[in-house]
Amino acid sequence: QQGSALYLRPFMYADEAFIGMRAATSYKFIVMASPSSPIYNKRIRLYAETNYIRAAQGGTGEAKAAGNYAAAILPTEAAKAKGYDQVLWLDAQDFKAIQEVFAYCYFDNSDLDKKFSKIILDDSGKFYRYNFFFANYLIKKDREEEARSIIDLTIDKYPRNLLINQLKENLNRDNFNKNQFSCNKPEHILAEIFYAFANALSVQKKYELSNLYINLSKFLNPNFLSYNALLAENLLMLKKYQESKKIFEDLFKIGSFYKWHASKEIALIIEELDNSEKSLKYLNRIYKNIDKNIFRTFDFANFLRGHDKFSESIKLYSDILSTMKSDNIMYPRILDRRGTAYERNGNWELAEKDLLLSLKIEPNQAYTLNYLAYTWIEQNKKTKEALSMLEKANNLKKNDGYITDSLGWAQYKLKNFNKAKFHLERAIQMMPDDPVVNDHFADCLWTVSYTHLRAHETPEHRVCRVLV
């Protein structure tokens, strides 16, 4: 029949003669095949479940396990009794707070300000996106001064937040906001919930599935243009470069913050499809014609440094540093980048000065500690101090292959071969394809084996070795 399908369902169950709590050793695998009429041939009504959960972080929610279905039966029956077709499951930890805020907003509840304040003051950083929605709500309520206060508070805390920076620019320039959202529209709320799913899936590198949810968000709220940013980034990770580039270009219309963000990604795509020279020319042209600020100049300087344009990047880093005080959170980071550019440009004296000053201001910069200490080790100077710095960096970033490799190499240079082998072995497990790590590990293995042989060689072996 039209619209029907053959429904295929693979499943398996344990079939051994044993009762107990362990993984089975024998299974029966079956595929059911049965005709199926359309599951839904009409618009469906979803019930957002806030009390029951079907899956939680660290559980088995992504698997088709029987227990997951069992948890859904009672809430689904309750939803159907209320006239709904299916349940929209929310995250066990975070989405409940988000859904609650949007529900208060939808009903214009008098406690909405308190609910918004609770999640935007959360220090975990999980909810910073919702500062935008609070500011947006206040603007719609003609409470612009309060909205500006929320915007400034957010930018102080998250200075690279695209949504909130773009909103501030639009307010200052009296531009139309291209991210339209109203919590009086259920479809807008649902779109944002789907976006949260999409973002979580993207973090887990499930880009295709993430795109499914982000396209649902776009369908439900086509006037929230920044949804395209996540879609373009997912396509880039899937190496669908032309599709990604086109969507990034569409972000230009939102405003200058999205234009700069998208331009950096397009430059990387041009480099992937063509060459680095064209990529540099492209981003240089965008940078020259866009309003400058510290972060855009910093980004462009990093891009130049990454393309071996060290002198040009040093000039831009110096320009930024001349405009800010040393207590600015960016100051040690810029010193670090300028220091590495000096080193690559052959000026170690200035490089060392910048790196030391950066660490004096902010001592717990793992990568700065690593860069300076590794260079000292290669120069055979300050080796004990370098080793101490690398141990500190390794404690700050325990699962970073580069830092673990540096620590192992330092131990090797100090002839602590067994300690060197331990760390270099860990580094190669984390980065098996890195040529430098492989080179260091090979040197260490050869030295350890050679030392062992020398310790146990006979006089005859020694004569042979000397002759060889």
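Here, residue 1 is the first one in the sequence, and each next residue gets the next number.
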Criterion salt bridge (charged side-chain N to carboxylate O under 4.0 Å, His left out) on Glu208 and Lys240, from CA distance to verdict:
CA-CA 11 Å; Glu208 294 281 11; Lys240 296 181 179 181; 3.5 Å; yes
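- Using a 4.0 Å cut-off between charged side-chain N and carboxylate O, Arg338 and Asp354 make a salt bridge.
- Closest approach of Ser244 and Ile269 over heavy atoms only: OG-CD1, 3.7 Å.
- Annotation: Lys288, atom NZ; neighbour count of heavy atoms from other residues, nucleotides and ligands within 6.0 Å does not exceed 12.
- In terms of modelled atom types and a separation under 3.5 Å, the side chain of Ser322 and the main chain of Asp319 share a donor-acceptor contact.
- Between Pro222 and Tyr227 the shortest side-chain heavy-atom distance does not fall below 4.5 Å.
- The aromatic rings of Tyr84 and Tyr47 are tilted relative to each other, their planes meeting at an angle between 30° and 60°.
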Arg173 and Asp291: CA distance, side-chain angles, deciding distance, salt bridge (charged side-chain N to carboxylate O under 4.0 Å, His left out) verdict:
CA-CA 13 Å; Arg173 297 182 179 182; Asp291 292 340; 2.4 Å; yes
Give the intermediate values and the outcome of side-chain hydrogen bond (donor to acceptor under 3.5 Å, both in side chains) for residues Asp336 and Ser358.
CA-CA 6 Å; Asp336 166 71; Ser358 177; 5.3 Å; no
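- Using modelled atom types, no side-chain atom of Asp174 and backbone atom of Asn170 make a donor-acceptor pair closer than 3.5 Å.
- Distance alone, capped at 3.5 Å, is enough to place a donor-acceptor pair between the Asn438 side chain and the Pro432 backbone.
- In this structure, the side chain of Gln365 engages the main chain of Glu362 through a donor-acceptor pair within 3.5 Å.
- The main-chain N or O of Ala267 is found under 3.5 Å from a side-chain atom of Ser279 such that the two form a donor-acceptor pair.
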side-chain hydrogen bond (donor to acceptor under 3.5 Å, both in side chains) evaluation trace for His261 with Gln166
CA-CA 11 Å; His261 168 75; Gln166 193 58 63; over 6 Å; no
For side-chain hydrogen bond (donor to acceptor under 3.5 Å, both in side chains), just list the numbers for Asp400 and Tyr367, CA-CA rounded to whole Å, side-chain angles, deciding distance to a tenth of an Å, and then say yes or no.
CA-CA 10 Å; Asp400 187 283; Tyr367 297 114; 2.8 Å; yes
Take Leu369 and Leu396 through the test side-chain contact (heavy atoms from CB on, under 4.5 Å) and record every step on the way to the result.
CA-CA 10 Å; Leu369 287 163; Leu396 290 167; 4.0 Å; yes
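- Side-chain atoms of Asn293 come within 3.5 Å of backbone atoms of Arg296 as a donor-acceptor pair (strictly under, hydrogens ignored).
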Applying salt bridge (charged side-chain N to carboxylate O under 4.0 Å, His left out), run through Glu192 and Arg129 and close with a yes or a no.
CA-CA 11 Å; Glu192 185 55 29; Arg129 177 179 175 84; 2.6 Å; yes
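- Salt-bridge annotation for Glu349 and Lys353: absent, with no side-chain N of the basic residue lying under 4.0 Å from a carboxylate O of the acidic one.
- The backbone N or O of Lys419 lies less than 3.5 Å from no partner atom in the side chain of Asn416, so there is not a single donor-acceptor pair.
- By the 30° and 60° cut-offs, the orientation of the rings of Trp409 relative to His440 is parallel.
- A distance-only check finds a donor-acceptor pair linking the side chain of His188 to the backbone of Ser182 [under 3.5 Å].
- With no hydrogens or angles considered, a side-chain donor-acceptor pair links Asn234 and Asn211 at under 3.5 Å.
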Candidate pair Lys168 and Asp152, rule salt bridge (charged side-chain N to carboxylate O under 4.0 Å, His left out), full reasoning
CA-CA 8 Å; Lys168 182 174 182 177; Asp152 290 339; 3.0 Å; yes
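- The closest side-chain donor-acceptor pair between Gln180 and Asn223, if any, does not fall under 3.5 angstrom.
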For a side-chain contact (heavy atoms from CB on, under 4.5 Å) check, start with the C-alpha distance between Tyr402 and Asp434, then their side-chain angles and the critical distance, and finish with the verdict.
CA-CA 9 Å; Tyr402 292 107; Asp434 189 275; 3.7 Å; yes
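- Counting non-hydrogen atoms of other residues, nucleotides and ligands closer than 6.0 Å to CG of Asn275 gives a total above 12.
- Inter-residue side-chain proximity for Ser263 and Lys259 is flagged as met; some heavy-atom pair is nearer than 4.5 Å.
- Among the candidates Lys253, Lys246, Lys245, the single residue satisfying the salt bridge (charged side-chain N to carboxylate O under 4.0 Å, His left out) test with Glu249 is Lys245.
- Between Phe133 and Phe102, the distance from one ring center to the other falls under 6.0 angstrom.
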Show the numbers, then the answer: is there a side-chain contact (heavy atoms from CB on, under 4.5 Å) between Tyr195 and Phe224?
CA-CA 11 Å; Tyr195 173 83; Phe224 202 90; over 6 Å; no
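- A donor-acceptor pair is defined here as one N or O able to donate and one able to accept, closer than 3.5 Å; no such pair exists between the side chain of Asp439 and the backbone of Pro435.
- Between the CD atom in Glu233 and the CG atom in Leu238 there is a gap of 12.0 Å [rounded to 0.5 Å].
- Looking at Asn136 and Lys140, their side chains come closer than 4.5 Å, going by heavy atoms from C-beta outward.
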Step-by-step side-chain hydrogen bond (donor to acceptor under 3.5 Å, both in side chains) determination, Tyr137 to Asp108
CA-CA 10 Å; Tyr137 165 81; Asp108 202 14; 3.2 Å; yes
Can you check side-chain contact (heavy atoms from CB on, under 4.5 Å) on Asp299 and Arg160, steps first, answer last?
CA-CA 11 Å; Asp299 289 342; Arg160 305 305 294 266; 2.5 Å; yes
Name each donor-acceptor pair under 3.5 Å that joins a side chain in residues 300-311 to protein atoms two or more places apart or in another chain, with its distance.
{"unit_1": "Asn302", "atom_1": "OD1", "unit_2": "Tyr317", "atom_2": "OH", "d": "2.5"}
{"unit_1": "Asn302", "atom_1": "OD1", "unit_2": "Arg337", "atom_2": "NH1", "d": "3.2"}
{"unit_1": "Asn302", "atom_1": "ND2", "unit_2": "Phe298", "atom_2": "O", "d": "3.3"}
{"unit_1": "Arg305", "atom_1": "NE", "unit_2": "Tyr317", "atom_2": "OH", "d": "3.3"}
{"unit_1": "Arg305", "atom_1": "NH1", "unit_2": "Thr340", "atom_2": "OG1", "d": "3.1"}
{"unit_1": "His307", "atom_1": "ND1", "unit_2": "Phe303", "atom_2": "O", "d": "2.8"}
{"unit_1": "His307", "atom_1": "NE2", "unit_2": "Glu271", "atom_2": "OE1", "d": "2.6"}
{"unit_1": "His307", "atom_1": "NE2", "unit_2": "Glu271", "atom_2": "OE2", "d": "3.4"}
{"unit_1": "Ser311", "atom_1": "OG", "unit_2": "Asn345", "atom_2": "ND2", "d": "3.2"}

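- Between Lys392 and Asn364, some side-chain heavy-atom pair lies under the 4.5 Å cut-off.
- Not one N or O on the side chain of Asn347 forms a donor-acceptor pair closer than 3.5 Å with the backbone of Tyr342.
- Between Met324 and Ile334 the shortest side-chain heavy-atom distance falls below 4.5 Å.
- With rounding to the nearest 0.5 Å, the separation of CG in Leu390 from CG in Asn395 is 11.0 Å.
- With Tyr287 as the aromatic partner, Lys292 meets the cation-pi criteria of under 6.0 angstrom to the ring centre and within 45 degrees of the ring axis.
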